[in-house]
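Written out below as structure tokens is the structure these notes cover.
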Amino acid sequence: MSKTYKIAVVNGDGIGAEIVPAGVSVLDAIAKKHGFNIEKQSFPFGAGYYRDHGKFMSDDAIETLKKFDAIYFGAVGLPEIDDTLPARDYTFKVRTELKQYVNYRPVKLFSGLKSPLRTKTEKDIDFVVVRENNEGEFVQSGKTFYADDAHGFATDTSVFTRFGIERIAHYSFQLARKRRKKVTNVTKSNTLINSLAYWDRVIAEVAEQYPDVEFSKMYIDNASASFVLRPEVFDVILTTNLFGDILSDLGGAIMGSLGLGGSGNINPEKDFPSMFEPIHGSAPDIAGKNIANPIGQIWSAAIMLDHLGETEAANDIVAGIEATTAEGNLTVDLGGNASTSDIANRIIKHIEAKKLVTA
Ligand code: NAI
Ligand code: MG
């Protein structure tokens, strides 16, 4: 009997309603080709749901989502809804309650795309940002005091635990072993002399257990410049929640568009379902026009299948993306005129045309 994966589909808001169905159509095509089943159930969660129900998801949502093998997600946020709420009430909630402590964000220049870094090629831009996804700067532990007074002030306290640092470090070194065996800890311990000095210390201890992996440390300011000037020095970037959030958008930009970046919020132990989403937001400025780039969403489907153990199917999707960009089929953000659905259909054509190579 062929395998069945239960996938919860959450379009979210804005372009989610266009790019998630595009991704689902690719998933259906790849499942058919590789002989497994995808059982989907959609959930209307997001800022639109908040507008109608006063909350971002139903009260039983987390318990319901736990029953799935994975969550395939677009993005949340709408211009008319308070933008401090989506992260707190949806993304961060799902990521922490389902212990998705790894945020896996690959950066890769697809053939046929011109990076704004004109002289760099596919060989130079191919790394993964591993962002600590459950603690650090985003624990939302803080308060605003006397906001309207002259002496008003506000705090947000970062939390870094040995347990949290060790597990993300182990994940990164093990990932590096499957790649080019290089880990760069991106930090700022020269100024955050308590929290990030501790982060560095615990990572250095873990690094000693992986003598076969080249390990180095780089400050976030230098790392930002290096993304642009010499991206080829990176393989696996291990970094904090805030730094990883910013660096992965920069990674999207050097690929050529934010719309290209895929990601996984991963619970490596598979005790809980992981959630796969593009790195960008809901892009309300271009929603409803069938022009959004679906590649980040489709690449997220590949990362999801890889996590579920369908590695050949995952590679097949990435090859389909690459064949599509290589022939110059591009959406507006990349200077082309193909629509969201054109790109999904083209990728499906390539997937169907390519012979299945079984190991
Ligand atoms: P954004 O990523 O939605 O958009 C930034 C720019 O990139 C826009 O000009 C947009 O048109 C463009 N863009 C993004 N995705 C694209 C795609 N697939 N194809 C072509 N162009 C694309 O970020 P922004 O504008 O800062 O935020 C919009 C909303 O999304 C906000 O409510 C924000 O809170 C939310 N957001 C949600 C995230 C999530 O659910 N994980 C992550 C980031 C933002
Ligand atoms: Mg972000």
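Numbering of ligands and ligand atoms starts at 1, following listing order. Given the structure is predicted, the values throughout are model-derived calculations rather than measurements.
Looking only at distances, a side-chain donor or acceptor of R118 sits under 3.5 Å from a matching main-chain atom of S115.
Considering both main-chain and side-chain atoms, I279 never comes within under 3.5 Å of ligand 1 through any nitrogen or oxygen pair. Inclusion of H280 in the set of residues having an N or O under 3.5 Å from an N or O of ligand 1 is warranted. In terms of polar-atom proximity, defined here as any N/O pair under 3.5 Å, T91 makes no such contact with ligand 1. Close N/O approach between V76 and ligand 1 is found [any backbone or side-chain N/O within under 3.5 Å]. Looking at ligand 1, you won't find any N or O of S257 less than 3.5 Å from one of its N or O atoms. Residue F73 has no N or O atom closer than 3.5 Å to an N or O atom of ligand 1.
Figure legend: cation-pi geometry between R131 and F243 absent, as NZ or CZ is not positioned both under 6.0 Å from the six-membered ring centre and within 45° of its axis.
Of all the heavy atoms of P294, none lies under 4.0 Å from any atom of ligand 1, so neither backbone nor side chain is involved. At a heavy-atom distance under 4.0 Å, no atom of Q297 approaches ligand 1.
With ring centers used as reference points, Y90 lies under 6.0 Å from F73. Proximity of the aromatic rings of F45 and F56 is defined here by a centroid distance below 6.0 angstrom, and this criterion is not met.
The shortest heavy-atom distance from I19 to ligand 1 is not under 4.0 Å. Between P284 and ligand 1 there is a heavy-atom distance shorter than 4.0 Å.
Under 3.5 Å, the side chains of N267 and S274 contain no donor-acceptor pair of N or O atoms.
To the nearest 0.5 Å, the span separating CG on L334 from CD1 on I295 amounts to 6.5 Å.
Of the listed options I15, N293, L258, L258 places a heavy atom closest to atom 6 (C) of ligand 1.
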